[in-house]
**Student:** 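Okay, here's the structure, questions in a sec.
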Amino acid sequence: MSRLRPWATVLSAMALLSAACAPSAPPAPAPPAGASQPAQPIDSGPFPTKPIEIIVPFAPGGGYDAVARQLAVPLQKELGQPVVVKNVPGGGQRIAARQFQQSEPDGHTIMYGSDTPLFTSTFVDAAEGFDIFSWLWVAGIRGQTPMVAVPGNSPYKTLEDVLTADKAGKKLRFGHNGIGGFLPTQVAFANAVGIKNGVWVGGFQGTADIAPAFIRGDLDIEVWSPLSSTTKFVESGDFRPLAVLDAKRSPTLPNVPTARELKWPGVDKLEALGSQSGFAAPPKTPADRVAKLEKATLKALKDPDFAKWAKETGVAEDLIPSTGKDFGILKKAEYELWKTLTEELKKAVN
Amino acid sequence: MFDLSPIWGTLGQLARPEVFGLMLLGNVIGLVFGVLPGVGGGNAFILFLPLTFGWDPEVAIWFLMGMQGASSFGGSLPAILIKVPGDTVNAVAIFDGYPMTRRGEATRALGIDVMSNILGATIGAIVVIALLPVMRSAVLLFGPPELFWVAIMGLFTIALASGGNFLKGLAGGAVGILFSLIGYSSVIGVQRFTLGRDYLWDGVQLISLFIGLFAIAQVIEFCTAEVPIARLTTGFKGFEGLKRGAIEVLGMPGHLIRSSAIGTLAGIIPGIGATASAFISYSVAIQFSKKKHLFHHGNPEGLVAANASINAKEMGSLIPALGFGIPGSVEGALILAALLFHGLQPGPFLLRDQPGIVWALIVSLWISNVFGTLLGLFWANWLSRLMAIRVVYMAPVILVSSLMGVYLVRNNIWDIFTAIFFGMVGYALNKAGFPVVTFVIGFLLGQIAEKYYFQSTQIGLGDPAIFFDSGISKSIAAITLLMVLGVIWSGVRSKRAVTAVEVPS
């Protein structure tokens, strides 16, 4: 009786595995030839013809993941095809960005990530394999209002206290999780209000571990974003908010003044710090498909079940449903602001 | 003291058939996902979370916790029976569980497994409930300087875990530390050993490393050895063995309580991780044991130390999630995701505004640990027959399932290649007689120690006094020192013993 060689079975198993893992690549309708996309709506055929994939560049369980998953339900109703969330975490969003850039531009793949930190990280490490400026914006979804706070037991009561301490040579510790994370916002804030003695304490994962260090008093001051993830700490007295960096007060924290009310220095720059996020489609996606996705997204954002969830979790007040065109204009202004800070950021990293 | 009566109300929910049924369903799913190597309970949680859309949150919690509670027991089954851990945390169960299986004591090992799981979760639950009123201060006790000392203490356990060969253990630990440094360091803002590839930006993935070191290396071992796992099935004495193992656990309250305490603490203080805490608990158990030489050779104490700490840690990780709404660990992050998904705002006010949810979380996680384990027991007897299967059939199944699991976590094909690479590393380590334990401890804690060192110096503005500011820092530093002295002392003593009498092999 012939005996199976163990290695042979292992090899055949490997083949099986690689077949299972290979991306299923059905023949997608090719974009019209001569493809340097004219903006006029060409009929690119029936769409969508298969499930839509939303790439989320973070692990499951975060804010972006939650919003994408909640939106997927009404989107499915609008588009008549299943909408699935695909988490591609890692590499400071770069792995997802590259995968997204290379995906079939047929409208069946869109991305929902945080493009501002991705963009600012390119100041230190050049972008390879992706180009944010080539992405097509489908719709604006969420704007993140930042809030400046000190720990609840901090000696500082106002920004003036902080600036006086800074002038006296006191070091001010900010926490961050890297150039592709919260660092740019902290540096930009210090730069705008004129803090000279900022210390950038790195190595954190995110709000999850910066918040306890902050409450313990290991850090002095921090720009928190989005507001909705930290309001609970304001209510509990763990954080003492100094100001909200937005044109108007936040409905959830009506007692916290805005930076403009307080006449903070560099207020125009400060108000531009909130990063906006929306759906993007890969370059060369046919315009009529982008338009269809845009319409569906804006409708999904008004879905009663989604709205109920958004209200309960505090996400609702961050929502900025906007068309792809409006959102693109917003994004452009944002990138311009960050570019002016390139040198400051490089200095802070090293 | 506070009102404990909600516990009874929450337990009463179990009388509702749909709640009970869904918890059991969760248990079964958790067990299946746990047993499959590489496919941890976390995957099950993420896959099934969207299914609970629109359910009553409290019912959904019973279902989700049902999965969570059962999966770690599920993962310990293949670790004990075929030396392949179901999940990273279960790797420690291999060291003493598998040798017992080879001796033909699989059922005894499973009995120990069951009892230490249940008791670990129970002790963890008691601690969590006792800490509820002060949970916020408990979490805040540990900042970067304290965590630095915890990591250092953990690294010193390498000395305990080296077994007979101190030098090889140390070398393995050092290489582990080097591997942990791969990736982008947000402390100093540089990439290290990334070979210019974004893939390595986040460092080596824990799951890839573990599946490689344990599952893949074992597949290679199977293929070269080609013998069934338990050569002689010296009797699955069935219930007899189980009972014996279970009773044995009760006979070692010291190990049980210490390991559960380490696990619970690791759950409460974010930043150490379940896997690291299981390894630390194992190494510390060696130090405290009177049968040191039996570890790695099927010592029931090692199995208890591993399992009790894992299950206690699961309970402990509820504390930061409930107290601050921050994830202290992977398990915590999943629980938060579930709360958020159901429109509940986790955070300082959850206990005040939604006490029902808080108690449902604690009680359901505990109960599902107990039920999931008992349910797994029915399986265990049947699963233990797996050992008789010829490896030629078993190896490919393990390989496919574990690599599939690695791929599922991030949908990244490179994670599979990494796992295969570490499979070869693990095989080489085994063959050359380097203890895998010290390599793993180095990997788990090296970068953590570095990170907390840098954070502490930055927070302390360069003044080293910050490392001795708090009483906790001082105590952990002192314990570390004592531990080192203890190792040296026992080394000296055993040398004397060796010279005095011939050691029976």
Side-chain angles (χ1 to χ4, degrees), chain A residues 3-4 6-7 9-10 12-14 16-17 20-21 59-62 65-66 69 73 86-92 94-95 98 124-125 128 171 173 176-179 181 183 199-204 207-209 211-213 215-216 218-219 232-233 235-236 238 308-309 312-314 349-350, chain B residues 46 49-50 53-54 139-140 142-144 184-189 191 198-199 201-202 219 222-224 226 270-271 320 324-328 333-334 336-337 340-341 343-349 391-393 395-397 399-400 403-404 407 410-413 416 451-452 454-455 458-459 461:
Chain A
R3 235 166 37 116
L4 261 96
W7 281 111
T9 48
V10 166
S12 58
M14 295 285 296
L16 204 90
L17 180 77
C21 293
D65 182 61
R69 282 177 195 276
V73 181
K86 184 180 179 187
N87 301 90
V88 188
R94 281 164 184 242
I95 293 168
R98 195 167 303 158
V124 179
D125 285 289
E128 276 172 40
K171 300 262 188 240
R173 298 163 298 185
H176 73 86
N177 56 345
I179 182 79
L183 179 62
V199 173
W200 320 108
V201 182
F204 289 102
T207 306
D209 54 350
I215 297 169
R216 272 168 54 93
D218 291 339
L219 305 168
K232 58 192 177 206
F233 297 120
E235 286 168 38
S236 64
D238 290 318
K308 182 167 169 273
W309 173 81
E312 282 167 353
T313 48
V349 170
N350 293 317
Chain B
I46 290 161
L49 177 60
F53 195 82
V139 175
L140 290 181
F142 287 81
Y184 171 78
S185 160
S186 84
V187 191
I188 45 178
Q191 297 183 37
D198 289 350
Y199 170 70
W201 179 297
D202 303 299
V219 167
F222 279 152
C223 289
T224 49
E226 261 200 82
F324 288 94
I326 55 172
L334 293 172
L336 288 184
L340 206 62
F341 192 84
L344 296 160
Q345 182 73 265
F349 301 114
V391 291
V392 67
Y393 302 116
V397 174
L399 192 70
V400 171
L403 292 185
M404 198 73 111
Y407 180 75
R410 304 198 304 168
N411 300 320
N412 192 325
I413 194 82
I416 291 186
K451 175 178 105 177
Y452 289 127
F454 271 112
Q455 281 188 345
Q458 278 184 313
I459 287 166
L461 301 172

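Letters go in sequence order (proteins before strands), and every chain restarts at 1.
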**Student:** Within the structure provided, determine whether B/Tyr184 and A/Ile179 are in side-chain contact (heavy-atom separation under 4.5 Å).
**Tutor:** yes
**Student:** Tell me, for B/Leu334 versus chain A, whether the close heavy atoms (under 4.5 Å) come from the side chain, the backbone, both or neither.
**Tutor:** neither
**Student:** Please give me the minimum heavy-atom distance between B/Gln458 and A/Arg173, naming the atom from each residue.
**Tutor:** O-CD, 4.1 Å
**Student:** Crowded around A/Glu128 CD? As in, over 12 foreign heavy atoms under 6.0 Å?
**Tutor:** no
**Student:** Contact part of B/Phe142 toward chain A, heavy-atom cut-off under 4.5 Å: side chain, backbone, both or neither?
**Tutor:** backbone
**Student:** Going from CD on B/Gln455 to CZ on A/Phe204, what distance comes out if it is rounded to the nearest 0.5 angstrom?
**Tutor:** 4.0 Å
**Student:** Write down the atom of B/Phe324, the atom of A/Lys232, and the distance for their closest heavy-atom approach.
**Tutor:** O-CE, 3.6 Å
**Student:** Measuring from atom CG of A/Asp209 to atom NZ of B/Lys451, what distance do you get when rounded to the nearest 0.5 angstrom?
**Tutor:** 5.5 Å
**Student:** Output the distance between atom OH (B/Tyr199) and atom CZ (A/Arg98), rounded to the nearest 0.5 Å.
**Tutor:** 13.5 Å
**Student:** Atom CZ in A/Arg216, atom CD1 in B/Ile459: separation rounded to 0.5 Å?
**Tutor:** 7.5 Å
**Student:** Give, as side chain, backbone, both or neither, the part of A/Val199 having an atom under 4.5 angstrom from any heavy atom of chain B.
**Tutor:** side chain
**Student:** Which value, rounded to the nearest 0.5 Å, describes the distance between A/Thr313 atom OG1 and B/Leu344 atom CG?
**Tutor:** 10.0 Å
**Student:** Grab the two heavy atoms, one from A/Asp218 and one from B/Gly143, that are nearest each other, plus how far apart they are.
**Tutor:** OD2-CA, 4.3 Å
**Student:** Under a 4.5 Å cut-off applied to non-hydrogen side-chain atoms, are B/Asn412 and A/Val88 in contact?
**Tutor:** no
